[in-house]
Amino acid sequence: MAADLSSPTVPADLARPHFIGIGGAGMSGIAKILAQRGARVQGSDARESVTAAALRGLGATVHIGHDAAHLAPDATGVVVSSAIRPDNPELAAARERGVPVVHRSDALAALMDACRPLAVAGTHGKTTTTSMLAVALGALGLDPSYAIGGDLDEPGSNAHNGRGEIFVAEADESDRSFHKYEPEVAVVLNVELDHHANYSSMEEIYDSFVTFADRIRPGGVLIVSADHEGARELTRRVRERGRVRVRTYGEAEDADVRILDVTPHGLTSETTVRLGGEELAFAVFVPGRHYAHNAVAALVAGSELGVPADELAKALGTYTGVRRRLQLKGEADSVQVIDSYAHHPTEMTADLEAIRGGAGDGRIIVLFQPHLFSRTQELGTEMGESLALADASVVLDIYPAREDPIPGVTSELIVDAARAAGADVRHAATGADGADLVAGMAAPGDLVLTMGAGDVTELGPEILARLPQ
């Protein structure tokens with residue numbers, strides 16, 4: 001169904017919405033689209049940020065701190081994410097007053113309803129692949145709407161209310177919220193056990209992704225990696241059910257769209273695929289084989305929506321990255337500082353392998369901040385083993401996000417595992433201490449990587465300031 005472009009829809013309960021945690025990556029994107037559609041957006045966040053400022057620039061009211069008084073008398077609905085605790089005062093006030101409470105995923109599903117939705121899921125690579133599609137489709141003049149879990153190039157660029165009929169969205173499996181969407185085209189990049197607070201086994205993960213696939217619109221398609229073990233198992237299960245068409249991509253010989261070659265060129269790569277019986281080569285201006293695979297997933301997904309593959313391939317060459325995905329933060333004393341959102345061992349390994357090609361004779365030095373106690377408890381050993389791919393590492397204390405501490409779970413688990421794997425690694429209790437250590441270790445020609453999903457991203461500029469100018 002094509003979107004009614006003359007009058008973009010705003011659900012009644014989102015006409016004057018209040019977002020609790022409006023500065024979050026997913027929440028801010030939905031708030032931005034609603035504001036662009038004419039809703040009177042307001043919300044609150046724990047602290048001031050560039051995202052809050054960007055939302056104010058769109059006319060939204062953003063309060064700092066959480067207080068029941070922030071909930072306006074005329075609020076038609078309150079939007080929350082799974083990170084909002086039940087005792088939040090604004091949430092409690094909404095329930096007391098009978099104001100409808102809407103989960104972030106329901107709000108996004110409502111915004112996509114009249115469009116042609118393309119949803120990107122997977123344990124890793126969702127933000128990059130969604131961003132690639134948004135940029136490429138935009139470059140072709142299709143002006144898609146999109147909601148991404150990261151900023152393309154500046155604060156607030158994680159979402160856009162386009163005039164075209166396509167809506168590209170990042171589909172989050174962490175809390176099963178991707179079950180709310182009904183995409184025309186769905187992408188699954190990989191399937192691994194993560195989000196241990198919500199999933200206890202791979203069987204639960206598979207069941208969740210199968211449910212996601214079952215919600216694809218009639219006549220739609222599921223795009224799945226042919227190289228990833230978990231994704232192949234998902235393909236087997238979905239095809240066995242016979243409810244949705246599946247198209248695979250990858251380097252595996254049985255892939256429907258075959259990746260023939262990925263040639264690295266420093267921090268870029270050239271990819272050749274066989275699609276529809278023809279070979280197609282295009283450049284991707286981000287490093288590493290896994291980013292090339294993301295681009296191919298985007299290529300296949302876009303072509304399923306009717307976009308000519310050759311045009312889309314060229315347009316993918318206009319993508320130059322997304323904030324926090326191997327983003328160059330700056331250079332001082334011939335030391336480049338790069339920021340990575342990687343926080344799962346598979347992501348950490350992929351980014352370290354990708355960046356090795358651009359390091360030349362220089363060393364790779366990592367400042368790593370573990371994300372979540374539950375993830376560290378389950379995957380701390382694997383995180384340490386990933387850090388052994390760097391020449392030297394500094395590990396910070398765990399960034400808790402929404403979690404309470406778990407007795408006995410500290411970043412020392414990662415440090416011990418890294419040392420056991422032969423890594424040169426040390427611990428720093430604070431970000432300032434970590435920045436000091438890394439700056440003191442770096443020499444001209446080295447690449448420094450700030451890595452993790454927490455506030456370690458803020459330490460890149462601090463490292464640069466500590467290097468000789």
Side-chain angles (χ1 to χ4, degrees), residues 123-125 128 189-190 192-194 227-229 251 262-269 286-294 321 324-329 335-372 375-376 378-396 398-399 411-428 434-435 437-443 445-454 456-457 459-460 463:
T123 314
H124 327 290
T128 298
L189 302 163
N190 36 59
E192 289 189 43
L193 182 58
D194 195 6
D227 298 329
H228 189 273
E229 180 182 353
E251 298 180 47
V262 178
T263 303
H265 300 287
L267 295 180
T268 68
S269 61
V286 282
R289 184 172 296 272
H290 66 294
Y291 285 107
H293 279 234
N294 292 342
R324 301 233 54 213
R325 272 63 177 184
L326 294 186
Q327 177 192 14
L328 179 63
K329 303 292 286 189
V335 174
Q336 289 184 313
V337 177
I338 297 172
D339 193 31
S340 164
Y341 187 72
H343 52 280
H344 184 284
T346 300
E347 299 166 343
M348 296 165 64
T349 297
D351 275 7
L352 286 168
E353 289 178 344
I355 207 169
R356 177 63 69 182
D361 295 329
R363 298 176 304 156
I364 297 175
I365 302 171
V366 175
L367 179 59
F368 177 62
Q369 182 186 50
H371 186 259
L372 300 182
R375 183 177 286 122
T376 303
E378 296 294 331
L379 299 174
T381 297
E382 291 83 353
M383 292 177 188
E385 292 169 349
S386 295
L387 290 178
L389 296 173
D391 295 291
S393 300
V394 175
V395 180
L396 299 173
I398 297 171
Y399 184 82
S411 59
E412 291 292 344
L413 295 174
I414 299 169
V415 172
D416 291 344
R419 286 176 178 156
D424 176 3
V425 62
R426 62 199 74 179
H427 171 258
L437 281 172
V438 169
M441 297 161 61
D446 290 345
L447 292 180
V448 170
L449 204 61
T450 55
M451 177 179 282
V456 68
T457 181
L459 298 179
I463 294 169

**Request:** Return the set of residues passing side chain to side chain contact (heavy atoms under 4.5 Å, CB included) with V438 (not counting sequence neighbours), or none when no residue passes.
**Result:** I365, L367, V394, V448, I463

**Fill in**
Sorted by chain and residue number, the ring pair (Phe, Tyr, Trp, His ring centres under 6.0 Å) partners of H293 (sequence neighbours excluded) come out as none

**Non-neighbouring partners of I364 that pass side chain to side chain contact (heavy atoms under 4.5 Å, CB included), sequence neighbours left out** = L352, I355, R356, A359, V366, A390, D391

**Message:** Going by side chain to side chain contact (heavy atoms under 4.5 Å, CB included), name the residues that satisfy it together with A420, two or more places apart in sequence or in a different chain.
**Reply:** none

**For H124, ring pair (Phe, Tyr, Trp, His ring centres under 6.0 Å) partners two or more places apart** = H344

**Item:** Residues which pass salt bridge (charged side-chain N to carboxylate O under 4.0 Å, His left out) with D416, listed by chain and number, not counting sequence neighbours
**Value:** none

**Fill in**
In terms of heavy-atom contacts, L437 and A428 come closest through CD1-CB, 4.0 Å

**Prompt:** How would you list, by chain and number, every residue that makes a side chain to side chain contact (heavy atoms under 4.5 Å, CB included) with H427, sequence neighbours excluded?
**Reply:** D397, S411, E412, V415, A429

**Message:** Show every side-chain hydrogen bond (donor to acceptor under 3.5 Å, both in side chains) that has at least one partner inside residues 359-370, sequence neighbours left out.
**Reply:** R363-D446, Q369-D455

**Asked** Does R419 have any salt bridge (charged side-chain N to carboxylate O under 4.0 Å, His left out) partners at least two apart in sequence or in another chain, and if so, which?
**Response** none

**D351 versus S340, side-chain donor and acceptor atoms under 3.5 Å** = yes

**Prompt:** By side-chain hydrogen bond (donor to acceptor under 3.5 Å, both in side chains), which residues pair with T349, not counting sequence neighbours?
**Reply:** S386

**Message:** Run the side-chain hydrogen bond (donor to acceptor under 3.5 Å, both in side chains) test against E385 and tell me which residues pass, sequence neighbours left out.
**Reply:** none

